[in-house]
Structure formats: C-alpha cells, structure tokens
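Step one of this worksheet: look at the structure below.
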Number of protein chains: 2
Amino acid sequence: MFSKACEYGIRASIFIAEQSLLDRKVSLKDVAEAIESPSAYTSKILQRLSKSNIINSDKGPTGGFSMDKSELEKVKLNSIVYAIDGDTVYNGCGLGLKKCNADKPCPVHNQFKVIRDELKKMLENTTVKTLAMDYEKGLTFLKR
Amino acid sequence: MFSKACEYGIRASIFIAEQSLLDRKVSLKDVAEAIESPSAYTSKILQRLSKSNIINSDKGPTGGFSMDKSELEKVKLNSIVYAIDGDTVYNGCGLGLKKCNADKPCPVHNQFKVIRDELKKMLENTTVKTLAMDYEKGLTFLKR
DNA sequence: TAAATAGTGGACAATTTTATCCAATACAAA
DNA sequence: TTTGTATTGGATAAAATTGTCCACTATTTA
C-alpha cells in the first residue's frame, strides 16, 4: 500500500507527536528506537518531513525533532503520505496504466475508485494528534 | 497497492479470458502486445498463474495460453492477486508491523481494516469473466 | 571561543523487484 | 520420426528501494 519509507514516516510522526504533547523533543536515536527502524534511513525520512514542514528539526545540543502542539490537529495522515510517496496513492491506476481515467478506464477502474476514495477520505480525516493520543494511552503500538 | 507483477498478471488474465470467450488461444507474444508488458517477464508471471491453475498453458505448435470457458465465472480477482502477491494485501499491517492485530494494533489498525475489508470484498466478488466481457465490448482498456 | 552535541547531505552498499537471455523441453503436424 | 513451434526454467542483468557511512554544519554550553 505504502512504501516502507512512508510507513516509517507515519510511525515516526506519531511518536514525535506524542512526545511533543508531553513537551519533549526527541533525537533521531529516540525515534529509531521507538519505532524500531534503521536510524540512518529514518534520518532521511525525517529530513523530508521537516522540509515539508510536518515536523520541526533543531540542530545542536538540546536539538531534536518536534511538532508544534498548536498545529498538531491540523496534521492529517495524507500530508505525510503525500510528502513521502507523492500522489501515487490517489492518482495511480490500480493496474499500472499510465492514462487511466473515466474516459479510458482500466478494467477495474470503477471498482478501485470506490476503495481509493475510501482510503483518501480516511487519510484526510485522520489526524496525527488522535493517533498520538491513543498511542500515549497504550492503546496502540509502534513496533514489533 | 499491488506489485507490478500482479498488475501484469491481472491484465494478462483479462486478455486471455476475453480471447478464450472467443475460443482463441493466445501466445506469449500476443499477451505481451495486448497488455504492453515485457514479454520475458510476462512469461514468468503466466507460469505462476498456470501453476496456480488459473490459466492453462499448452506447449508446441497450436499451443498457447487459455482459460476454460466453463470455469471463467469462478475465477475471481483475489485468486490472481493471491497467486502472485500472496496474502500481504489481506494480512499485512498498514504500517509494516510484524505482529499487528486487534490485541496489539498499530495506530491505524482499525482505520485500515475498513479499507482492507472493502478491498477484500471487491477482489472476492469481481470475476475475470465480467472484466473480460467489458473489455471485449471496448468499454475498458489494457494498455497505455 | 573551544568543545560537545545533534541534524544534514552526499556517496556508497545491500536487497528486492523488475526485466532479459538462452538452452532445454514438450508437443503437434507432416 | 523429423521438424518447427511454443512454453519452461535457470542464470543474469538492470533498476528501484532500502539501508549505511562519514565528513560537515549549526547550535548550545562552558
């Protein structure tokens, strides 16, 4: 569904969000350990999220990654997915055709449209904040 | 969503089904041209579909690929997907966790479950025959 | 201003997926 | 039974994705 990079990106964002709710900045190492991901690779992903203004990153001692508490409910899953995987989830054809649309549809165009619209709606409506709060309560998990 | 191999597999099956409805066997070359795919790679995929008894393959002159007309409505998209991509579509965690389930869910477990169930239902209910018939009527396309 | 800390960026390596090549096999028809 | 045709299977190769390494920059604190 998503690339591994995107999976790491979402998990990392949830962890950073949760820690930010507790007013804590986290280091790359913290993130990699919390979500059990290769840290150097995770670093690249955090860079992209930072450039897309989804997370903040500060250098130097006392630096680290964080999210603005006040903006947290505005961050939806779809912005993370878009920042890392682009728009393939939304626009890509289910059968890999370059030009698949209502005018010249692939054989499963309509069937996929239903699923895709559902997925899109879900990604647009799910905030990182709610996911972070559930995680904070111990209701959900970010590794294993 | 699916691997490229799986996309080719679905497109190939639809083409073979449509030609079988017209009582025609098709060669590897025919398939590759119809769905615009690399023929040697397509060959591997057809082998897998053949071993999973989704398509027939006959060697020698007058050989080629075909599907039994009488069985055509029994072949659903999900058997093709399963034959090529395995059960990752159904069982894989949306965030890539090894052990994600209702007891120990990832943060988007429930949200994804809705989508996944919808997708599963669609794949289980869509027959290759209906897709082949729409394609035959020129309503849908397998390349570009 | 020196030292320590934490993210950045670029090059590189491993792995997985996608794609190719070719000799071998199986089969139908003459 | 020979010949031609079409799939098979194994070895490789190319491309994309995932993952690693390291020197550099920015920043805080002493």
Side-chain angles (χ1 to χ4, degrees), chain A residues 1-13 15-16 19 24-67 81 83-86 88-89 92 95-96 98, chain B residues 1-12 16 19 24-67 81 83-86 88-89 92 95-96 98:
Chain A
M1 183 141 296
F2 303 136
S3 69
K4 221 151 185 35
C6 189
E7 292 173 355
Y8 291 146
I10 294 172
R11 281 153 64 194
S13 298
F15 176 67
I16 294 169
Q19 292 292 299
R24 294 204 280 255
K25 272 186 188 173
V26 292
S27 69
L28 171 61
K29 189 159 162 281
D30 294 335
V31 175
E33 279 169 5
I35 72 172
E36 227 164 43
S37 64
S39 91
Y41 191 52
T42 304
S43 162
K44 304 297 182 191
I45 296 160
L46 295 182
Q47 279 178 44
R48 302 196 66 167
L49 292 177
S50 162
K51 280 177 185 162
S52 303
N53 297 309
I54 292 167
I55 64 175
N56 308 122
S57 83
D58 300 296
K59 286 184 173 180
T62 77
F65 299 95
S66 63
M67 294 176 83
V81 172
I84 300 178
D85 279 351
T88 55
V89 176
L95 297 187
K98 298 271 192 299
Chain B
M1 183 142 296
F2 304 135
S3 68
K4 221 154 182 37
C6 189
E7 292 174 355
Y8 290 148
I10 294 172
R11 280 153 65 192
I16 294 169
Q19 291 292 297
R24 294 204 280 253
K25 272 185 188 171
V26 292
S27 70
L28 170 62
K29 188 158 163 282
D30 293 335
V31 175
E33 280 169 3
I35 72 172
E36 226 162 44
S37 64
S39 91
Y41 191 54
T42 304
S43 163
K44 304 296 186 194
I45 295 161
L46 295 182
Q47 280 178 44
R48 303 197 64 167
L49 293 177
S50 161
K51 281 178 182 161
S52 302
N53 297 309
I54 291 167
I55 63 174
N56 308 121
S57 83
D58 300 294
K59 286 184 173 183
T62 77
F65 300 94
S66 63
M67 294 177 84
V81 172
I84 300 178
D85 280 351
T88 54
V89 176
L95 297 187
K98 297 271 192 301

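Throughout, a chain's letter reflects where its sequence line sits, starting with A, and its residues are numbered from 1. Computed over heavy atoms, backbone and side chain alike; hydrogens, waters and symmetry mates excluded.
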How long is the gap from CD1 on I55(B) to CG on L49(B), to the nearest 0.5 Å?
5.0 Å
Summary of side-chain hydrogen bond (donor to acceptor under 3.5 Å, both in side chains) pairs that have at least one residue in residues 3-13 of chain A, sequence neighbours excluded:
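Qualifying pairs: S3(A)-D85(A).
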side-chain hydrogen bond (donor to acceptor under 3.5 Å, both in side chains): which pairs involve residues 31-42 of chain A, sequence neighbours left out?
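Found E36(A)-R144(A), S37(A)-T42(A).
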Do [X] and [Y] have side-chain heavy atoms sitting under 4.5 Å apart?
X	Y	value
F2(A)	I84(A)	no
V89(A)	M1(B)	no
D30(B)	I16(B)	no
L46(A)	S50(A)	no

Per-nucleotide protein contact string for nucleotides 8-21 of chain C (B base, S sugar-phosphate only, - none; heavy atom under 4.0 Å):
BBB-------BBB-
If you take all heavy atoms of A83(B) and I54(B), which pair is closest and at what distance?
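Closest heavy-atom pair between A83(B) and I54(B): CB-CD1, 3.8 Å.
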Tell me the closest heavy-atom pair linking I45(B) and G9(B), and the distance in Å.
CG2-CA, 3.7 Å
Please list all pairs meeting salt bridge (Lys or Arg N to Asp or Glu O under 4.0 Å) that have one or both residues in residues 47-64 of chain B, counting only residues at least two apart or in different chains.
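Sorted pair list: K25(B)-D58(B).
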Would you grab the first and last nucleotide of DNA chain D (5' to 3') that comes under 4.0 Å of any non-hydrogen atom in chain A?
dT18(D) to dT29(D)
If the helix axis at each end comes from five base pairs, how far does the helix from dT1(C)-dA30(D) to dA30(C)-dT1(D) deviate from straight, to 10°?
10°
Sugar-phosphate only, base, or nothing, as touched by V26(A) at under 4.0 Å among non-hydrogen atoms:
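The answer is sugar-phosphate, as V26(A) gets under 4.0 Å only of primed atoms, P, OP1 or OP2.
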On DNA chain D, nearest-nucleotide positions of P61(B) versus T62(A): which is more 5'?
P61(B)
